Amino acid sequence: MKNRITIIAIIFQLLALLYAIFKGYEDVVVMIIIFLFISTLDLFNKR
């Protein structure tokens, strides 16, 4: 169940990243990339 929630969060973050790129919000793009990196680390954590 946790992996499914993480995958949904990653999809929403990718959509937000595309929106921020097309609108030209550079500071938001950096913040989304950081959160996306944290989410993918949580997805591949096998503990």
Side-chain angles (χ1 to χ4, degrees):
M1 183 69 181
K2 182 181 175 187
N3 284 342
R4 189 174 299 156
I5 294 172
T6 305
I7 291 172
I8 292 171
I10 290 172
I11 291 171
F12 278 117
Q13 288 173 358
L14 287 175
L15 291 175
L17 181 66
L18 289 176
Y19 178 77
I21 287 172
F22 286 130
K23 290 293 183 175
Y25 302 133
E26 292 87 10
D27 51 344
V28 178
V29 170
V30 173
M31 188 173 60
I32 291 173
I33 289 174
I34 291 170
F35 285 130
L36 192 63
F37 180 70
I38 293 170
S39 295
T40 53
L41 284 179
D42 186 44
L43 183 65
F44 293 117
N45 192 4
K46 297 294 182 187
R47 262 195 286 171

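The first residue in the sequence is number 1, and the count goes up from there. This structure is a prediction, so every number in the text was calculated from the model and none was measured.
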Using 0.5 Å steps for rounding, measure from the CD atom of Glu26 to the CD1 atom of Ile21.
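Between Glu26 CD and Ile21 CD1, I get 10.0 Å after rounding to 0.5 Å.
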Go through the structure and list residues passing side chain to side chain donor-acceptor pair (under 3.5 Å) with Thr40, not counting sequence neighbours.
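With sequence neighbours excluded, Thr40 shows a side chain to side chain donor-acceptor pair (under 3.5 Å) to no residue whatsoever.
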Can you get from [X] to [Y] by hopping between Ile, Leu, Val, Met, Phe, Trp and Tyr side chains that sit under 4.5 Å apart?
X	Y	answer
Leu36	Ile11	yes
Ile38	Ile33	no
Tyr19	Val29	yes

Pick one: which of Leu17, Leu18, Asp27 meets side chain to side chain contact (heavy atoms under 4.5 Å, CB included) with Ile32?
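Output: one option passes, namely Leu17.
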Minimum heavy-atom distance between Thr6 and Ser39, given as atom pair plus value
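Result for this residue pair: CG2-O, 3.5 Å.
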